[in-house]
Number of protein chains: 2
Amino acid sequence: MPTPVATSTSGHGSAEPRIKSEVQCCVPSRGEEALLAVEAETLAARFKALADPNRLRILSIVSTSPEAETCVCDLSEPLGLGQPTVSHHLKILVEAGLLNREKRGVWAYYSLVAGALDSLAAALTPKA
Amino acid sequence: MPTPVATSTSGHGSAEPRIKSEVQCCVPSRGEEALLAVEAETLAARFKALADPNRLRILSIVSTSPEAETCVCDLSEPLGLGQPTVSHHLKILVEAGLLNREKRGVWAYYSLVAGALDSLAAALTPKA
DNA sequence: ACTAGACATCGACGGATATCGATGTTCCGA
DNA sequence: TCGGAACATCGATATCCGTCGATGTCTAGT
């Protein structure tokens, strides 16, 4: 049940703004039909994980890697970032529910969470 | 031509990590096939516009309003934000190419840019 | 046991950002 | 012509975020 940015229902009147002060200028927009504050908070948290170029490149590299999984050492060099920074970004992506983390021996392998990006994309297309 | 997070092509060998130091541990991932740094930068800039709960609610309110357009005064109250803050968020959304701004008289009407959110959603679903 | 390597965590620092109050600008009505 | 309303912009501030070096933890060989 993906939550679109725009919920569908709407019912109104008064398209043109009023002038007087005791009446709202345009459409009052009771606000209950639209995105709740809590929903917006969680959605924004997930988009925040995507709001960094290096994290987008991490997702890209992980998804294009042959086994669809990547370890930290593969990311540090192409991104031009230090290992602690890469680990930091990976942690954010895991906590956002976008990446899986699997420790095998000394290496940590990261892979895309199936359907996670699609769920976010669905939240952007209310007409879905 | 939406740019998916993950570009499709890939060709590799050596799925298992090597041990020696002069060889990369896992998959070298030349990095040219994946998301370029510049592409990632512009994509991240647009996601950054979505990475705020109040901006998501603005998009929701605008899209659910009867004429699919809203003026600032309609947003200030339901969001619980001051007018300068709302104007600030609207400016960010306009600069991200997500909202149109049309000044009619004293009021400024904002509406969704057609296809903008869909283009962003498409960037998240490489299989499209 | 000891060493070495891969990764996570910590502390710090500089830059970005969300928010506000105050002020400027533009348009409309009286 | 003047006052007011809607909105943008400015300046300030508190917080958040990305990055790094240093350090801790765990595993695999030797």
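Quick note on labels: first sequence line is chain A, next is B, and so on, each numbered from 1. Please read these numbers as outputs of a predicted model, since none were measured by experiment.
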>> Rounded to whole Å, please give me the gap between CD in A:Glu69 and P in C:dC7.
In response: 12 Å
> A:Glu102 CD to C:dA6 P: how many Å, rounded?
Replying inline: 18 Å
>> If you compare every side-chain N and O of B:Arg101 against the phosphate oxygens of D:dC7 (OP1, OP2), does one of them come in below 4.0 Å?
In response: no
>> If the condition is side chain to side chain contact (heavy atoms under 4.5 Å, CB included), which residues does A:Val113 pass it with, not counting sequence neighbours?
In response: A:Asn100, A:Ala116
> NA contact type, A:Leu79, heavy-atom cut-off 4.0 Å: base, sugar-phosphate, or nothing?
Replying inline: nothing
> Which residues pass the side-chain hydrogen bond (donor to acceptor under 3.5 Å, both in side chains) test with B:Glu41, sequence neighbours left out?
Replying inline: none
Compile the donor-acceptor pairs under 3.5 Å between side chains in residues 79-96 of chain B and protein atoms, sequence neighbours left out, one pair per line.
from, atom 1, to, atom 2, distance (Å)
B:Gln83, NE2, B:Ser87, OG, 3.4
B:His89, ND1, B:Arg55, NH1, 3.0

>> Measure CD1/B:Ile58 against C1'/D:dC7 and give the value in whole Å, please.
In response: 14 Å
> Whole-Å distance between D:dC17 C1' and A:Lys91 NZ?
Replying inline: 15 Å
> OP1, OP2 of C:dC27 versus side-chain N and O of B:Arg104: anything below 4.0 Å?
Replying inline: no
> Which part of the nucleic acid does B:Lys103 contact within heavy-atom distance under 4.0 Å: base, sugar-phosphate only, or nothing?
Replying inline: nothing
> Between C:dC7 and A:Tyr110, is there an OP1 or OP2 to side-chain N/O distance shorter than 4.0 Å?
Replying inline: no
With the criterion being N/O to N/O and under 3.5 Å, what pairs connect the protein with nucleotides 19-23 of chain C, and how long is each?
from, atom 1, to, atom 2, distance (Å)
C:dT19, OP1, B:Asn54, ND2, 2.9
C:dT19, OP2, B:His89, NE2, 2.3
C:dC20, OP2, B:Gly82, N, 3.1
C:dC20, OP2, B:Thr85, OG1, 2.8

> Taking CD1 from A:Ile92 and P from C:dA8, how many angstroms apart are they, rounded to a whole number?
Replying inline: 13 Å
